[in-house]
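Below, chain A is the first sequence line, B the second, and so on; all start at residue 1.
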Amino acid sequence: MTMTDQFIYTEPDPLELAEYREQVQTWMNENMPKRDPLNPWHPSEDDNERSSRNRELQRRLHDAGFAAVCYPKEYGGQSLTVAHQRIIDDVSEGFDMPILFSAPTLSIIGPILLEFGTEEQKQRYIPRFIRGDDLWVQFMSEPSGGSDLAGALTRADKDGDSFVINGSKIWSTFAQRSDFALMLARTNWEVPKHRGLTMFIVPIHQPGIEIHTIKMADGTDEFCQEYFNDLLVPAENVVGKVDDGWTVATRLLFHERAAVGGASPYTQGKMRQRRADSLEDLAVLAAKEPVGDAGNRRQQLGRLETLNRVHRLLSDRVVRGIKGGHLPGPAGSLVRLFHGLVGVEQASVNMDLYGQQALVWDEGASVGDHGVRFVQRQAACIGGGTTEMARNIISERILGMPRELATDKELPFNQVPRNG
Amino acid sequence: MRYDLTDDQEFFRETARRFIETEVPISTVREWHDLAEGCPQNWWRSAAELGWTSLLVPENLGGGSISDRPIVDLSIVADEMGRGITPGPFMPTNVVADTIARSGNPAQQTLLEEVVSGQAMLAWAVNEPDGLHLDNNFATHATPTNGGYTIAGTKVAVEAAAQAHHLLVTATAPNGLAQFLLPTNTVGLTITPQESLDLGRRFAQVQLEGVQVGTDALVGSPGAPTEADVCRQRNIMVLLQCADNAGAASKVLEFTVEYAFDRYSFGRPLASYQALKHRFADMKMWAEASCAAVDGAADALAAGQAEAQMISVAKSYVGDYSVELMHECVQMHGGIGVTYDHDLHLYLRRATVNRGLFGTPSDHRAQLSQMLGY
């Protein structure tokens with residue numbers, strides 16, 4: 001890793017940690033809603049309810065001093081260690097958590113503002129999202145291509161003290177209920193693709209932005225596409241330097257891979273909490289309505305338990321390995337890849353364990369989620385950077401194998417061939 | 001290899017690696033295949049001088065470790081021995097020494113001095129012909145007699161039985177499990193060498209026919225205390241198998257990556273083909289995840305927290321993926337990878353034995369599920 005990391009990785013005193021665990025447990029018991037394992041992701045809730053529930057829960061964590069504890073004190077965090085955050089994650093497993101804040105706001109956007117933001121940007125934005133006031137999204141991918149991020153076509157043209165933005169972004173999560181976005185746009189078309197991009201902070205609810213939700217194969221509609229029509233963004237909203245947005249984007253991708261893979265010190269609670277894929281929950285359900293023979297069921301559950309635990313151990317190992325210089329920064333991709341494969345396995349095992357109940361079910365029964373989820377299975381290997389990209393990164397940047405051929409690297413961007 | 005070693009542990013690891021590279025390169029490993037005893041006694045003594053047999057033995061009994069987590073220290077050696085497919089009765093000697101140190105009587109504990117110095121090897125006679133006995137239900141019986149026991153039964157796949165000075169025999173007694181420490185020249189005990197897929201380590205069958213022993217041969221008290229000892233022995237054994245396989249898988253991947261850079265076809269190195277790069281990426285993930293599983297299992301065992309679960313997690317993952325990685329590396333090598341002269345099959349042989357003994361990955365998945373109440 002070339003940049004400094006702000007979080008503290010040193011191991012604190014075990015005794016202190018044990019006390020901390022007790023504190024968190026007591027507080028959560030008294031203040032956070034219990035999560036229902038049979039109905040963990042509030043399927044009946046609409047977007048508004050979901051957003052306000054998450055904001056309210058984030059606020060509760062913040063007021064008790066358990067929100068974003070790895071963030072520096074001066075920006076609303078607690079300057080505690082990763083070990084403290086992991087305790088909160090552990091304890092929070094049985095509770096409803098403000099999981100919407102975990103990614104991208106706390107684990108991807110926040111670290112970028114800490115690293116590249118001006119002092120004024122940090123003071124202005126970070127305490128607000130730690131307190132639950134603002135949700136952020138990423139405006140990165142474009143309809144023209146997801147993996148080739150540096151090929152962005154959205155343009156930002158300087159006009160006095162502002163930039164005028166035109167174009168479209170896609171796959172932003174929950175944009176319609178969010179407040180701010182980090183956006184990558186092209187400010188220079190005369191230079192090669194990596195050298196003409198700039199990163200901006202964009203307030204979402206303003207003229208010039210139109211948001212459409214995208215209905216996914218599983219029926220959910222948390223992803224959005226945005227259209228920008230002469231959107232004005234003040235120059236003070238540039239993050240990092242003009243035309244140097246790729247430097248920022250590279251770090252953003254690093255944090256994204258860490259967050260998606262579960263290796264981020266800034267996530268809060270467990271990502272998987274969003275859906276019924278905690279193994280304990282699955283076991284509860286499987287015991288309630290068992291399918292197939294017990295030996296086979298044990299093999300499948302044992303395999304899932306193994307993969308889930310190794311996932312966590314791998315994520316710890318990779319964080320340690322990068323920190324100690326045993327692994328290069330891109331090693332986060334190992335965890336991202338593992339995460340995708342576990343997701344696939346999980347969806348497949350669930351499908352088998354629920355058998356026909358996941359195919360045809362009584363009206364309103366939540367067991368059908370597992371069937372729907374199986375259809376949506378590959379999403380775990382696509383969102384947050386495809387597993388193909390992860391495999392490229394691992395082979396090229398960890399094992400040092402030759403890079404894939406790219407013809408557009410040194411060409412001025414306006415000469416690069418592109419979609420129709 | 002762990003990424004959180006202390007300076008002392010790192011020095012210990014580096015010393016082990018250098019010792020293996022200079023004293024037992026693969027060419028020597030191949031020469032030792034012809035030795036009935038598996039490895040020269042004087043070599044084992046020099047390995048012992050590096051501390052390979054002292055880690056689980058407390059200082060007052062002549063042992064000593066590198067850190068306050070001797071189990072972790074031990075896994076460091078296993079990882080390095082896996083990288084070098086190094087022969088020697090490392091696993092059974094340490095597993096049995098640990099039990100003698102914890103539960104043995106003072107007379108038995110005096111043996112540890114010779115174990116620590118490498119003059120004596122130890123073996124654990126536990127496996128039986130009809131399978132696994134993860135449920136601790138052994139056909140080998142210890143029947144109480146006047147002032148002692150008569151032991152009868154057959155043990156197989158006993159590593160280093162023919163080389164060891166003493167055997168730890170696990171048997172069913174009226175009050176539960178019992179373990180006995182027997183000199184290998186005990187009357188009624190027949191040791192017959194067996195052949196093994198692993199060409200480096202030595203295994204034998206142990207036949208016990210009306211073996212008469214006094215109660216002074218008991219290690220610990222029969223029943224629950226011995227069951228706890230047997231569980232710990234199995235946990236340490238599986239940890240060492242997994243560390244051995246994780247080290248071996250990392251090493252095999254390293255030299256196969258090198259091969260992919262050196263080997264050209266159609267005018268390009270193999271390492272430039274995306275179809276192969278992606279498979280190498282998967283293998284790198286398997287190797288790191290295998291090491292991570294070993295890290296977790298060693299930590300759990302050292303802390304004594306839910307260790308049986310983590311041990312089964314490790315066997316379930318490392319058992320499968322380390323061996324799968326080696327098969328993939330054979331595929332990457334092409335024809336040369338399936339020849340006797342190439343080292344790959346030596347790694348694969350040993351890793352396959354580690355994968356299967358003391359529970360296959362499926363056995364451990366089933367166990368894990370049961371422990372969690374699924």
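- For A:Leu307, the part lying near chain B is the side chain, with the backbone staying farther off; criterion is any non-hydrogen pair under 4.5 Å.
- Contact check for A:Gln25 versus A:Ile87: no side-chain heavy atoms found under the 4.5 Å cut-off.
- Taking B:Leu253, B:Asp282, B:Asp4 one by one and counting their heavy-atom pairs under 4.5 Å with chain A, the maximum is reached by B:Asp282.
- Contact count against chain A (heavy-atom pairs under 4.5 Å) is highest for B:Ser362 among B:Ala293, B:Ser362, B:Gly373.
- Ranking B:Tyr273, B:Tyr317, B:Phe280, B:Trp286 against chain A, the residue ahead of the rest is B:Tyr317, based on heavy-atom pairs under 4.5 Å.
- For A:Ile398, the part lying near chain B is the side chain, with the backbone staying farther off; criterion is any non-hydrogen pair under 4.5 Å.
- Interface remark: B:Ala314 contributes no atoms to any contact with chain A (heavy atom separation under 4.5 Å).
- When B:Ala271, B:Ser272, B:Ser290 are compared by the number of non-hydrogen pairs under 4.5 Å with chain A, B:Ala271 comes out ahead.
- Heavy-atom distances place no part of A:Arg312 under 4.5 Å from chain B, backbone and side chain included.
- A:Ser92 and A:Asp89 are not linked by any side-chain donor-acceptor pair at a separation below 3.5 angstrom, with hydrogens and angles left out of the test.
- In this structure the side chain of B:His364 never reaches within 4.5 angstrom of the side chain of B:Pro361, judged on heavy atoms.
- Contact count against chain B (heavy-atom pairs under 4.5 Å) is highest for A:Arg317 among A:Glu396, A:Gln299, A:Arg317.
- The closest donor-acceptor contact from the side chain of B:Arg232 to the backbone of B:Leu301 lies at 3.5 Å or more, if one exists at all.
- Within 6.0 Å of CD on A:Glu22 lie no more than 12 heavy atoms contributed by other residues, nucleotides or ligands.
- Between chain A and the residues B:Gln309, B:Gln274, B:Met310, the largest count of heavy-atom pairs under 4.5 Å involves B:Gln274.
- When each of B:His278, B:Met285, B:Gln367 is checked for heavy-atom pairs under 4.5 Å with chain A, B:His278 comes out on top.
- Heavy-atom distances place both the backbone and the side chain of A:Arg303 under 4.5 Å from chain B.
- Using a 4.5 Å cut-off between heavy atoms, B:Met1 touches chain A through backbone and side chain atoms alike.
- Judged purely by distance below 3.5 Å, without hydrogens or angles, the side chains of B:Tyr374 and A:Gln300 never pair a donor atom with an acceptor atom.
- Comparing A:Leu334, A:Leu341, A:Leu313 by heavy-atom pairs within less than 4.5 Å of chain B, the highest count is held by A:Leu313.
- Using a 3.5 Å distance cut-off with no hydrogens or angles, the side chains of B:Asn136 and B:Arg234 do pair a donor with an acceptor.
- Under the ring-ring contact (aromatic ring centres under 6.0 Å, His included) criterion, the residue pairs touching residues 245-270 of chain B are B:Phe255-B:Tyr347, B:Tyr259-B:His333, with sequence neighbours excluded.
- In this structure, B:Ser369 contributes its side chain and B:Ala366 its backbone to no donor-acceptor pair below 3.5 Å.
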